[in-house]
Amino acid sequence: MNYARLKQAIPKEFSMFYHVKDLQFNARVSQPDPRFARVMLEAFGGANGELKSALQYFVQAFSCHNPCPDKYDMLMDIATEEFGHLEIVGATIQMLLGSVNGEMKDVVEDTPLHTMMSGKAAKEDLIHQAFTNPQFLVCAPGSPMLTDSNGNPWRASYVSANADLTVDLRSNMAGEARAKIGYENLIPLTDDPLVKETLVFLMTREVTHFQQFEAALATIQPNFPPGVFQTSPKYSSLYFNMSKGEEARGPWNEGKSTRLEEEWQYIEKASETVRSTNGLVNKEPEGTSRTEKKVHQMDNELAKQRSSEILSATPKENMQWCKYQNKKGSEK
């Protein structure tokens, strides 16, 4: 469904949805292609599809409403756009399926679909398609369903929402990256230039959202490590060589770490180090200026900061989600 928020027609305070029949992008198809329609189901009801993204951002937004109204607005805006993208994908699938639905209902007359099934090899191929994804021909010919391309039903467990923005925004960035690759892999599978244009648009918007989430994360300071608790300086800069053979070195195990800026400690003989330190219990911090005392202090300070941000913005009683204005302009 292509939903749009009422931002201009009514005051900003309202968070209301309505359906606009014009798509955000003019989805077009040169000619039907039922087989590619099935492949495109991945973007409709797959683990990294548009429904997953829309509902993930929608759910994440609720915990932001009071302490971070700007992030609430961003998440709801992007979630709403993702619902629009779901409609674009669904509309494209519908057009790619063409007249399959009508032809399947005409079980007597000879139709192009029946012609496509003529010959043993062609018929076996079509039956194979149906067995791989029964929805392709059996359950809902002519309509997209909330499944991936293999007929696996969409699951709520695809949605990740931790009520911690530093975690949720990183999860969203990863999700947008996976969705971008999904569209990138779909593009070469169709020869239809009009379908390619739609896929390029959708792929591009994934990168746009990635940058928006990245920018939002940068406004939260500190935002590393995710959550509240800091990491122990005893273990944070250790790199264990767990492979036999030629050693691979790079910025992930030599020099300074990217965020904590601690010197990587390359442990070539992991077993010996573990045994000699009583299972790392007696390991002393190396390559870092952080101490356990300083970490404990930071834990307390950040915990109070995060807690205060939420509690100060959350009424204890007489709560309401919105403030409405009467005709005279006063709030109720």
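For the single chain, residues carry numbers from 1 onward in sequence order.
- Using modelled atom types, no side-chain atom of E261 and backbone atom of T258 make a donor-acceptor pair closer than 3.5 Å.
- Looking only at side-chain heavy atoms (C-beta outward), P144 and Q94 come within less than 4.5 Å of each other.
- Distance check: L55 CG to Y158 OH gives 12.5 Å after rounding to the nearest 0.5 Å.
- Closest heavy-atom contact between Q60 and C64: O-SG, 3.7 Å.
- Taking the six-membered ring where tryptophan is involved, the planes of Y72 and W321 are perpendicular, since the angle between them exceeds 60° and thus also 30°.
- Using modelled atom types, no side-chain atom of N278 and backbone atom of V281 make a donor-acceptor pair closer than 3.5 Å.
- A donor-acceptor pair shorter than 3.5 Å cannot be found between the side chains of Q230 and H296.
- Using a 4.5 Å heavy-atom threshold, the side chains of F44 and M145 count as separate.
- Q305 and E301 are not linked by any side-chain donor-acceptor pair at a separation below 3.5 angstrom, with hydrogens and angles left out of the test.
- For the pair T147 and N152, the minimum side-chain heavy-atom distance is 4.5 Å or more.
- Here K234 does not pair with E284 in a salt bridge; the nearest charged N to carboxylate O distance is not below 4.0 Å.
- Distance NE2/H65 to SG/C322: 5.5 Å, rounded to 0.5 Å.
- For I310, the side-chain contact (heavy atoms from CB on, under 4.5 Å) partners two or more places apart in sequence, or in a different chain, are P67, T314.
- Here the shortest heavy-atom pairing between A216 and K71 reads O-CE, 3.7 Å.
- The side chain to side chain donor-acceptor pair (under 3.5 Å) test with N48 singles out one residue from K180, E206, R178, E42, and that residue is R178.
- Contact of the E87 side chain with the E50 side chain is not registered, since no non-hydrogen atoms from C-beta on lie closer than 4.5 Å.
- With salt bridges taken as basic N to acidic carboxylate O contacts below 4.0 Å, one links R290 and E262.
- Between the D168 side chain and the N162 main chain, a donor and an acceptor come within less than 3.5 Å of each other.
- In this structure, OG1 on T92 lies 7.5 Å from CG on L199, to the nearest 0.5 angstrom.
- Linking ILVMFWY residues whenever their side-chain heavy atoms come closer than 4.5 Å, directly or via other members, places L202 and L23 in the same cluster.
- Under the 6.0 Å cut-off for aromatic ring centres, F213 and Y57 qualify, their centroids lying closer than that.
- Between the side chain of T208 and the backbone N or O of T204, at least one donor-acceptor pair lies under 3.5 Å.
- Within the 4.5 Å cutoff, the side chain of T288 has no heavy atoms near those of the K256 side chain.
- Looking only at side-chain heavy atoms (C-beta outward), N223 and L169 stay at 4.5 Å or farther from each other.
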Would T273 and L238 count as a side chain to side chain contact (heavy atoms under 4.5 Å, CB included) if you check the C-alpha gap in whole Å, the side-chain angles of each, and the deciding distance to 0.1 Å? CA-CA 11 Å; T273 300; L238 304 182; over 6 Å; no

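- Side-chain contact between F62 and L75: absent, with no pair of heavy atoms (C-beta onward) separated by less than 4.5 Å.
- Using a 4.5 Å heavy-atom cutoff, the side chains of I93 and L41 are in contact.
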Test log, rule side chain to side chain contact (heavy atoms under 4.5 Å, CB included), inputs V195 and L96: CA-CA 9 Å; V195 175; L96 287 169; 4.1 Å; yes

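- Of the inter-residue distances, the one linking I88 atom CD1 with F201 atom CZ reads 5.0 Å to the nearest 0.5 angstrom.
- Here S236 contributes atom OG and Q265 contributes atom CD; the two are 9.5 Å apart, rounded to the nearest 0.5 Å.
- When all heavy atoms of N150 and R38 are compared, the closest pair comes out as OD1-NH2, 3.0 Å.
- The 12-atom threshold is exceeded at CZ of R28, counting heavy atoms of other residues, nucleotides or ligands nearer than 6.0 Å.
- Nearest heavy-atom pair, S160 versus Q56, reported as atom, atom and distance to 0.1 Å: N-OE1, 2.9 Å.
- Across every non-hydrogen atom of P233 and E292, the tightest pair is CD-OE2, 3.7 Å.
- Taking each heavy atom of E82 and E176 in turn, the nearest pair found is OE2-OE2, 3.1 Å.
- Hydrophobic clustering of Ile, Leu, Val, Met, Phe, Trp and Tyr side chains at less than 4.5 Å, counting indirect connections, keeps V295 apart from Y235.
- V89 and I181 fall into different hydrophobic clusters, where Ile, Leu, Val, Met, Phe, Trp and Tyr residues are linked whenever their side-chain heavy atoms come under 4.5 Å apart, directly or through other members.
- Using a 3.5 Å distance cut-off with no hydrogens or angles, the side chains of N282 and T277 do not pair a donor with an acceptor.
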The test is side chain to side chain contact (heavy atoms under 4.5 Å, CB included); show your working for D164 and R170 and say whether it passes. CA-CA 10 Å; D164 185 306; R170 286 185 171 93; over 6 Å; no

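- The closest donor-acceptor contact from the side chain of W154 to the backbone of A47 lies at 3.5 Å or more, if one exists at all.
- Applying the 6.0 Å contact sphere to CD of E247 captures more than 12 heavy atoms from other residues, nucleotides or ligands.
- With N300 contributing its side chain and Q297 its backbone, the two residues share no donor-acceptor pair below 3.5 Å.
- Between the side chains of T190 and D192, no donor-acceptor pair is found at a separation under 3.5 Å.
- Within a 6.0 Å sphere centred on CZ of R155, other residues, nucleotides and ligands contribute 12 heavy atoms or fewer.
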Candidate pair E81 and D77, rule side chain to side chain contact (heavy atoms under 4.5 Å, CB included), full reasoning: CA-CA 6 Å; E81 182 179 354; D77 281 343; over 6 Å; no

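- If you take OH on Y266 and CZ on F240, they are separated by 12.0 Å, rounding to the nearest 0.5 Å.
- Put simply, Y183 and V200 are part of the same group of oily side chains (I, L, V, M, F, W, Y) that touch within less than 4.5 Å, one to the next.
- Under a hydrophobic-cluster definition in which Ile, Leu, Val, Met, Phe, Trp and Tyr are linked whenever side-chain heavy atoms come within less than 4.5 Å, directly or via other members, L165 and V167 are assigned to different clusters.
- Between F25 and H85, the distance from one ring center to the other does not fall under 6.0 angstrom.
- Dense packing is recorded around CE of M173, with more than 12 heavy atoms of other residues, nucleotides or ligands lying under 6.0 Å away.
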